[in-house]
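Predicted model only: the values in this text are computed from it and were never measured.
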Amino acid sequence: MNYTFNAPKVTEDLIQWIKDYFAAAGANSTAILGMSGGKDSTVSAALLCKALGPDRVIGVSMPQGSQSLNEADRICEHFGMKMYTVNVGKACDGLLEAIKDAGEDLSKPSVQNIPPRVRMTTLYAIGQTNNSRVVNTCNLSEDYIGYATKFGDGAGDFSVLANLTVTEVLAIGDYLGVPYQWVHKTPDDGLPHSCPDEEKIGFTYAELDIYIRTGKAPEGYVHNNPEEGLKVDKIDRMHKANLHKLLPMPSFKW
């Protein structure tokens, strides 16, 4: 299957889509998004500022404890956006302590997913006060393999990148003229003691994106743990295991 991506056309169509969405939301509505300093929030912010103007875009940096802002402040300043910094460390620690007091010792993944969910609560709290629509900044590649926290960064009122792969997000960032170092920053999930995404998952986003768009399977075994098997098998396993994050909530009908 031949595949090409027309970054200028898709970008301009996406900007118009954002304008149309907010025309329906109302002239006084604003957009609010978490600013992690990563490529997805940066490119999303660039698109929103182009579509709405920076006066209608609010960025919120939400470090946990001593976690750095990862240049989120510089990015918001570059775009001319209003920015809040809300440290979620005490809220996460308080919730974890309350759960422990109730007698439950949470698993490591459960503990790791508390901060993304607290951050989404923070966005909705500030957003409601500012007549904002919360932006989901997840991309297609990460969603495909489940790299989003359900009801955390996987939540939102609307999404600008959900149908775009990492490769395509980078192309849009470059087309918009966003500084290279912010668009092409090494992807990292931001969790404590983490490592770059591609090192953790065992294949590159470029390999994953080609597989998503063309069906061409990446060659070879998972590079950081060959015992996990072929890269394509791991991608398929991750996708199947995480479909519940993408599909509508099942409900009983009668």
Looking at [X] and [Y], would you say the former's side chain and the latter's main chain have a donor-acceptor pair under 3.5 Å?
X	Y	result
T122	M62	no
K245	G146	yes
D40	C138	no
N87	G89	yes
N139	L161	no
E207	T204	yes
N224	K200	yes
R56	S29	yes
T42	G38	yes
S132	V134	no

Quick one: do the [X] and [Y] side chains pair a donor with an acceptor below 3.5 Å?
X	Y	answer
Y147	D197	no
T165	S141	no
Y211	D236	yes

Hphob cluster co-occupancy, [X] + [Y], side-chain heavy atoms under 4.5 angstrom:
X	Y	value
V60	W182	no
V88	M83	no
I210	F5	no
Y124	M35	no
I172	V166	yes

Output, in order, the C-alpha distance, side-chain angles, deciding distance and verdict of side chain to side chain contact (heavy atoms under 4.5 Å, CB included) for K185 and N70.
-> CA-CA 10 Å; K185 192 176 291 184; N70 196 23; 3.5 Å; yes
Just do the side chain to side chain contact (heavy atoms under 4.5 Å, CB included) check on I15 and E12 with the steps written out, would you?
-> CA-CA 5 Å; I15 289 171; E12 298 304 328; 4.2 Å; yes
Let me confirm one number: the [atom1]-[atom2] distance from [X] to [Y], rounded to the nearest 0.5 Å.
X	Y	atom1	atom2	answer
K19	K50	NZ	NZ	10.0 Å
N225	K234	CG	NZ	7.5 Å
I32	R133	CD1	CZ	12.0 Å
M238	E228	CE	CD	8.5 Å
L96	I114	CG	CD1	5.0 Å
L48	Y21	CG	OH	11.0 Å

Does any part of the side chain of [Y], heavy atoms only, come nearer than 4.5 Å to the side chain of [X], both counted from C-beta?
X	Y	result
L164	L140	no
T11	L47	yes
F203	V232	no
M120	L123	yes
D73	T85	no
I126	Y84	yes
D153	R119	no
P8	Y175	yes

Minimum heavy-atom distance between [X] and [Y], given as atom pair plus value:
X	Y	result
E198	Y205	OE2-N, 2.9 Å
P218	I235	CG-CD1, 3.9 Å
S41	L33	O-CD1, 3.6 Å
A46	L176	CB-CD1, 3.9 Å
M81	A45	SD-CB, 3.7 Å
V160	L14	O-CD2, 3.5 Å

Mutual orientation of the aromatic rings belonging to W17 and F158 [parallel < 30°, tilted 30-60°, perpendicular > 60°] =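 Because their plane-to-plane angle lies in the 30° to 60° range, the rings of W17 and F158 count as tilted.
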Does [atom1] in [X] sit with more than 12 non-hydrogen atoms of other residues, nucleotides or ligands closer than 6.0 Å?
X	atom1	value
D105	CG	no
Q181	CD	yes
E77	CD	no
Y180	OH	no
D13	CG	yes
D20	CG	yes

May I have the step-by-step check of side chain to side chain contact (heavy atoms under 4.5 Å, CB included) for Y144 and L246, ending in yes or no?
-> CA-CA 8 Å; Y144 192 87; L246 303 176; 5.9 Å; no
Salt bridge between D209 and R213, side-chain N to carboxylate O under 4.0 Å?
->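 R213 and D209: not salt-bridged.
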Does the pair K39/E142 count as a salt bridge with the N-to-O cut at 4.0 Å?
->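 Yes, charged N to carboxylate O under 4.0 Å.
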